[in-house]
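Below is one structure; the comments refer to it alone.
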There are 2 protein chains.
Amino acid sequence: MSNRVVQEPTLLLLTALADAPRHGYAIMQEVQMISQGRVKMRTGTLYGALDRLLGQGLIEVHEEAVVDGRARRTYALTKGGRAVLAEEAERLAATAREAVRRLNLGGVTA
Amino acid sequence: MSNRVVQEPTLLLLTALADAPRHGYAIMQEVQMISQGRVKMRTGTLYGALDRLLGQGLIEVHEEAVVDGRARRTYALTKGGRAVLAEEAERLAATAREAVRRLNLGGVTA
DNA sequence: CAACATATGTCGGCGAACGACCTATAGGCA
DNA sequence: TGCCTATAGGTCGTTCGCCGACATATGTTG
């Protein structure tokens, strides 16, 4: 019953991976760009969300390299993640449309 | 920097009040309808959110009647609430558009 | 050398949402 | 009559995603 599928920061994360695989830092920058600088995703949110999404099978590790003894992972959307993102995007768009419709109904002639 | 303006359940609540003032129970039903039965708002969420939104000045008490010794309040959007809802709806629509755009970019030829 | 960007992560805490429960009346139905 | 459901409004403890701050390491530029 619960909606709690994905929240906005998470949705932006998925969106950031929609066109190409990216690594963590790049995702943060991409999220900022997508949201026109409004949402600055923190690392705490990022890596927490990545773990969660990996567990949910919405994203996967695309490539894993070790650079200077540090893991460098790039993540990619899975088919499931792609489907979820498409669904959520449609749902969001529908909600937004409904909000606008109602604002116009009750707004002017209230 | 933080996005956290309003979350989805809250946004649906505001949307439910966009065309006409409503009381709590009616809001719950309306939210269900708007979301096509996907989001079933609980009373815990509802009244918590109403208090919060009243405090933020996004909604106001429209009418207050006492029926059978019980308070019956109807809530309405304030101008501020209306503005916030309009903004958020636009933002959501933009995010959804970007998600779809990127899905089409990377989806087929990946 | 200091400062910033790149890059990856951990941890404590907050707050919205959730879920379960409570009260109360009216109506359907077995 | 007793039970369930819908209407209507409300409280409270818990969960969980997000936030903010911190830690670490390298490369670059002033």
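In what follows, chains carry the letters A, B, and so on, assigned in the order in which the sequence lines appear, proteins first and then strands, with residues in each chain numbered from 1.
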Quiz item: Does any non-hydrogen side-chain atom of B:Leu50 lie less than 4.5 Å from one of B:Leu13?
Solution: yes

What are the atom names and distances for every N/O pair under 3.5 Å that joins the protein to nucleotides 4-7 of chain D?
residue, atom, partner, partner atom, Å
D:dT7, OP2, B:Tyr25, OH, 3.3
D:dT7, OP2, B:Gln29, NE2, 3.3

Quiz item: Can you name the side-chain contact (heavy atoms from CB on, under 4.5 Å) partners of A:Val31, sequence neighbours left out?
Solution: A:Leu12, A:Ala16, A:Ile27, A:Val39, A:Met41

Practice problem: Measure the spacing between OH of B:Tyr25 and OG1 of B:Thr43 and express it to the nearest 0.5 Å. | Solution: 10.5 Å

Check the interface with nucleotides 21-23 of chain D: list each N/O to N/O pair with the protein under 3.5 Å, or write none.
residue, atom, partner, partner atom, Å
D:dA21, N6, A:Thr43, OG1, 3.3

Self-check item: Length of the CZ-C1' vector between A:Arg22 and C:dA7, whole Å
Solution: 16 Å

Quiz item: Could you state the interatomic distance from OH (A:Tyr47) to CZ (A:Arg42), rounded to the nearest 0.5 Å?
Solution: 14.0 Å

Quiz item: Counting any heavy atom closer than 4.0 Å, what does B:Met28 reach on the DNA or RNA strands: base, sugar-phosphate only, or nothing?
Solution: nothing

Quiz prompt | Positions of residues 53-60 of chain A (non-hydrogen atom under 4.0 Å from DNA chain D), listed by number | solution = none

Quiz item: Taking atom P of C:dC18 as reference, at what distance in whole Å does atom CG of B:Leu12 sit?
Solution: 10 Å

Self-check item: Over all atoms of both residues, closest heavy-atom pair of A:Leu77 and A:Ala18
Solution: CD1-CA, 3.8 Å

Quiz item: Quick one: side-chain contact (heavy atoms from CB on, under 4.5 Å) partners of B:Ala94, sequence neighbours excluded?
Solution: B:Glu90, B:Arg97

Quiz item: Is the closest side-chain heavy-atom distance between B:Leu92 and A:Glu8 below 4.5 Å?
Solution: yes

Self-check item: Gap between atom CD of B:Gln7 and atom OG1 of B:Thr10 - 0.5 Å precision
Solution: 6.5 Å

Quiz item: Whole-Å distance between C:dA26 C1' and B:Arg72 CZ?
Solution: 12 Å

Self-check item: Rounded distance (Å) that lies between atom P of C:dA7 and atom CD of A:Glu63
Solution: 14 Å

Quiz item: When the distance from CD of A:Glu8 to P of D:dC16 is rounded to whole Å, what number comes out?
Solution: 21 Å

Quiz item: Whole-Å distance between D:dC16 P and A:Asp51 CG?
Solution: 15 Å

Exercise. Among the candidates D:dG10, C:dG9, C:dA17, find the nucleotide nearest to the side-chain atoms of A:Tyr47.
Key: C:dG9

Quiz item: Which residues satisfy the side chain to side chain donor-acceptor pair (under 3.5 Å) test with B:Glu30, sequence neighbours excluded?
Solution: A:Arg102, B:Arg22

Practice problem: Write down the distance between CZ (A:Arg73) and P (C:dT8), rounded to a whole number of angstrom. | Solution: 9 Å

Scan the side chains in residues 51-64 of chain B for donor-acceptor partners under 3.5 Å anywhere in the protein, sequence neighbours excluded, and list what turns up.
residue, atom, partner, partner atom, Å
B:Glu64, OE2, B:Arg73, NE, 2.6

Self-check item: Atom-to-atom span, CD of A:Gln7 to C1' of D:dC18 - whole angstrom
Solution: 7 Å

Quiz prompt | Non-hydrogen atoms of A:Val100 and B:Ala89 that approach each other most closely | solution = CG2-CB, 4.1 Å

Quiz item: Would you say A:Thr45 reaches D:dG17's phosphate, i.e. side-chain N/O to OP1/OP2 under 4.0 Å?
Solution: no

